[in-house]
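For the numbers below, each heavy atom of this structure counts, side chains included, while hydrogens, waters and symmetry mates do not.
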Amino acid sequence: MIKPIPPNTMQSILLIDDDTDICLLLSKFFTKKGYEVATAGRGSKAVELLKERAFDLVLCDHRLPDTDSLAMLGEVRSLRPGTPVIIITGYSDMRTAVELMRRGAFDYVVKPLYPDEILSKVQEAIAKETERVTPSRTRATAQPEARGYVKGTGPDADTIERHITLVAPTDMTVLISGDTGTGKEYVAKEIHRQSSRVKGPFVAIDCGALPHELAGSELFGHVKGAFTGATGDKEGSFEQAHGGTLFLDEIGNLTYENQIKLLRVLQERRLKRVGGTKDIDVDVRVLAATNDDLKKAVVEGRFREDLFHRVNEFAITLLPLRDRQGDIPLFAEHFRAQAVQQLNKPVDAFDPAAMQRLTAHQWLGNLRELKNVVKRAVLLAKTNKITIDCLPAEIISGVRASAIPSALASQPAGAARDEGLRGAAHGAERQAIMVALERTGFNKSRAAELLNIDRKTLYNKLKALGIEP
């Protein structure tokens with residue numbers, strides 16, 4: 001039987017990583033910061049610990065000897081619903097990090113690790129979860145930030161801002177679509193900020209992070225004894241958002257049963273708590289978001305057509321950052337100013353070479369990835385400028401490892417027998433060098449040691465492969 005979380009003022013972290021040096025470093029760091037830390041070198045050990053007790057946060061390496069972070073995310077959601085999970089990953093695994101965020105991970109950190117960067121994310125994750133589970137606190141603090149939304153430039157940005165201005169004063173339900181990390185919650189908060197409900201609460205729920213069996217309780221509340229563990233009555237998100245706005249992120253992940261309940265609430269403006277018999281009136285404006293194609297989900301029977309039309313009274317679609325390259329300097333400056341304030345570091349600007357690399361990058365993780373990269377760059381900056389050496393290895397190189405196979409695939413068949421193998425070897429060599437540089441913080445002597453070559457050979461390889469560390 002899983003034990004409930006004991007009353008304890010000390011916040012607890014479960015660190016899952018098979019690297020004993022990382023476990024030791026982070027354990028000492030977080031203990032000094034006032035956290036209780038438990039460590040596990042394997043996924044199986046982590047599962048045992050999760051069964052024994054609850055943690056305020058799980059920090060998990062992507063690659064483990066017996067499993068990976070995707071499987072561990074599922075274990076955490078099953079054993080300890082609501083516990084935020086932060087993934088430790090390499091920059092070359094960015095696609096995986098994006099997918100994990102889509103499936104409910106709170107955030108990710110990229111190796112090499114910097115304790116202050118991780119501490120900032122841990123504090124943010126625990127604060128957000130505490131706010132979510134404490135209704136009285138939610139009402140008092142769930143207002144959107146002053147201006148987290150940044151408009152951008154160009155005709156698409158103008159259209160989005162015009163649509164926000166038009167729909168905000170109404171009570172229409174809005175469906176915000178876009179890839180993971182494109183800023184859907186920022187848009188929702190801006191709609192709330194411009195609405196007549198701005199003095200009411202703004203409550204955000206990530207439907208993708210809710211275990212299916214508990215989603216109904218989180219949304220609609222429950223009464224005492226409704227299910228095992230329901231030791232008292234609980235307000236759901238709709239009641240918490242009464243008089244304000246409820247933002248349902250990744251609405252396509254709701255079960256069919258909860259889709260029916262949601263439709264009823266939207267139509268009748270009243271709900272029944274799980275296990276309850278009493279109707280409760282709610283005055284809530286609903287904003288929904290998805291990175292899924294809900295029209296396709298309707299055709300495939302995964303999403304109710306009547307609910308789709310109900311939440312799609314007005315639609316706003318956000319473009320991926322790779323299609324808004326002209327806006328990257330604007331967003332980067334915005335995130336730099338945020339990071340300077342959060343980290344209390346006087347970093348005033350970007351070096352032109354660093355900004356050029358940021359602008360040229362493809363940004364699979366969109367705005368969220370850019371925000372993380374810029375925040376880390378501020379942390380690493382040695383002067384009052386963000387220079388190119390503050391950026392991750394793959395941004396510095398200008399070539400993603402994932403681009404190598406497609407480049408080979410585009411070659412003629414005859415060339416593939418010769419250049420294809422040579423290209424594949426160069427691709428693997430490039431990736432190994434980039435990983436070594438990243439792991440050693442771009443210390444070329446240590447990278448050469450890691451690769452078991454001398455420093456001069458490494459320099460020749462860097463020049464031959466066009467890598468500019």
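- A salt bridge does not link K295 with D293: none of the charged nitrogens is closer than 4.0 Å to a carboxylate oxygen.
- Contact of the Y35 side chain with the L119 side chain is registered, since non-hydrogen atoms from C-beta on lie closer than 4.5 Å.
- Ion pairing of D206 with R103 is absent here, as no side-chain N (NZ or NE/NH1/NH2) approaches a carboxylate O to less than 4.0 Å.
- Checked by atom type and distance alone, the side chain of N291 never pairs as donor or acceptor with a backbone atom of S177 at under 3.5 Å.
- Judged by distance alone, the side chain of D18 and the main-chain N or O of L64 form no donor-acceptor pair under 3.5 Å.
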**Item:** Step-by-step side chain to side chain donor-acceptor pair (under 3.5 Å) determination, T182 to D179
**Value:** CA-CA 6 Å; T182 47; D179 291 352; over 6 Å; no
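- Looking at R42, its side chain never comes within 3.5 Å of a backbone N or O of P65 through a donor-acceptor pair.
- Here CG of L79 is found 11.5 Å from CD of E48. Values are rounded to the nearest 0.5 Å.
- Between the side chain of R77 and the backbone N or O of L210, at least one donor-acceptor pair lies under 3.5 Å.
- Between K128 and E124 no salt bridge is recorded (no basic side-chain N to carboxylate O distance below 4.0 Å).
- Under 3.5 Å, the side chains of Q194 and E190 contain a donor-acceptor pair of N or O atoms.
- Nearest heavy atom pair, residue L370 against residue L321, reads CD2-CD2, 4.0 Å.
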**Request:** For side chain to side chain contact (heavy atoms under 4.5 Å, CB included), just list the numbers for D283 and R197, CA-CA rounded to whole Å, side-chain angles, deciding distance to a tenth of an Å, and then say yes or no.
**Result:** CA-CA 10 Å; D283 174 25; R197 295 174 175 267; 2.6 Å; yes
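- I86 has its side chain out of reach of I118: every pair of non-hydrogen atoms, C-beta onward, lies at least 4.5 Å apart.
- In summary, D348 and R336 do not engage in a salt bridge, as defined by a charged side-chain N under 4.0 Å from a carboxylate O.
- No hydrogens or angles considered: nothing links the side chains of D156 and T159 as a donor-acceptor pair under 3.5 Å.
- Atom CG of D61 sits about 6.5 Å away from atom CD1 of I22, to the nearest 0.5 Å.
- At a threshold of 4.0 Å, the pair D279-K272 counts as salt-bridged, since one of the basic side-chain nitrogens sits closer than that to a carboxylate oxygen.
- In summary, the side chains of K121 and N372 do present a donor paired with an acceptor at a separation below 3.5 Å, with no hydrogens or angles considered.
- The pair R95-E99 fails the salt-bridge criterion, with no side-chain N (NZ, NE, NH1 or NH2) lying under 4.0 Å from an Asp/Glu carboxylate O.
- When atom types are taken as modelled, the side chain of N366 and the backbone of T180 share a donor-acceptor pair closer than 3.5 angstrom.
- Residues H222 and S217 bring a donor and an acceptor atom of their side chains to less than 3.5 Å of each other.
- Using a 4.0 Å cut-off between charged side-chain N and carboxylate O, R324 and D327 make a salt bridge.
- Of all heavy-atom pairs between L100 and S69, the closest is CD1-OG, 3.2 Å.
- The two residues S78 and P81 have their closest heavy-atom pair at O-CD, 4.1 Å.
- With contacts defined as side-chain heavy-atom distances shorter than 4.5 Å, the pair L254/L219 qualifies.
- For the pair P392 and V373, the minimum side-chain heavy-atom distance is below 4.5 Å.
- Taking the six-membered ring where the residue is Trp, H361 and W363 present perpendicular rings, their angle passing 60° and hence far from 30°.
- Not a single donor-acceptor pair under 3.5 Å links the side chain of E36 to the backbone N or O of I13.
- Counting only heavy atoms from C-beta outward, the side chains of D306 and L263 approach each other to under 4.5 Å.
- Between the side chain of E313 and the backbone N or O of T173 there is at least one donor-acceptor pair closer than 3.5 Å.
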**Request:** Could you walk me through whether L57 and L14 pass side chain to side chain contact (heavy atoms under 4.5 Å, CB included), step by step?
**Result:** CA-CA 6 Å; L57 179 132; L14 173 58; over 6 Å; no
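- Between H192 and the choices V203, T245, V187, the side-chain contact (heavy atoms from CB on, under 4.5 Å) rule is met once, by T245.
- Under 4.0 Å is where a charged nitrogen must lie from a carboxylate oxygen, and between K234 and E218 at least one such pair does.
- Within the 4.5 Å cutoff, side-chain heavy atoms of N258 are placed close to those of F220.
- The neighbour count for E300 CD, taken as heavy atoms of other residues, nucleotides or ligands under 6.0 Å away, is above 12.
- Side-chain contact check for T89 and R63: no donor-acceptor pair (N or O, by modelled atom type) lies under 3.5 Å.
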**Asked** Between V374 and F331, does a side chain to side chain contact (heavy atoms under 4.5 Å, CB included) hold up when you go through it step by step?
**Response** CA-CA 10 Å; V374 170; F331 289 127; over 6 Å; no
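- D17 is listed as a side-chain neighbour of I88, based on a closest heavy-atom distance under 4.5 Å.
- A distance-only check finds no donor-acceptor pair linking the side chain of R304 to the backbone of Y256 [under 3.5 Å].
- Atom CG of L307 sits about 14.5 Å away from atom CZ of R264, to the nearest 0.5 Å.
- By the 30° and 60° cut-offs, the orientation of the rings of F314 relative to H163 is perpendicular.
- Looking at Q338 and K375, their side chains never come closer than 4.5 Å, going by heavy atoms from C-beta outward.
- K345 places a side-chain N or O within donor-acceptor distance of the main-chain N or O of L379, the cut-off being under 3.5 Å.
- Within the model, atoms CZ of R193 and CZ of F202 stand 12.5 Å from one another, a figure rounded to the nearest 0.5 Å.
- Classification of D107 and R368 as a salt-bridged pair fails, no side-chain N sitting under 4.0 Å from a carboxylate O.
- Ion pair D233/K224 not flagged as a salt bridge, since none of the NZ, NE, NH1 or NH2 atoms sits closer than 4.0 Å to an Asp/Glu carboxylate oxygen.
- A salt bridge is defined here as a Lys NZ or Arg NE, NH1 or NH2 lying under 4.0 Å from an Asp or Glu carboxylate O, and R270 with D281 meets this definition.
- For the pair K45 and A40, the tightest heavy-atom approach, listed with the atom from each and the gap, is CG-CB, 3.7 Å.
- Across all their heavy atoms, A332 and L358 have their closest contact at CB-CD1, 4.3 Å.
- With F55 as the aromatic partner, R53 meets the cation-pi criteria of under 6.0 angstrom to the ring centre and within 45 degrees of the ring axis.
- Heavy-atom minimum distance, A226 versus G275: CB-CA, 4.0 Å.
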**Asked** What do the steps show when you test D158 against K151 for side chain to side chain contact (heavy atoms under 4.5 Å, CB included), and what is the final call?
**Response** CA-CA 8 Å; D158 290 339; K151 172 181 175 289; 2.5 Å; yes
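- Rounded to the nearest 0.5 angstrom, C390 SG and L380 CG are separated by 5.5 Å.
- To the nearest 0.5 Å, atom CG of residue D19 and atom NZ of residue K111 are 6.5 Å apart.
- Checking side-chain atoms of T170 against main-chain N and O of V167 turns up a donor-acceptor pair under 3.5 Å.
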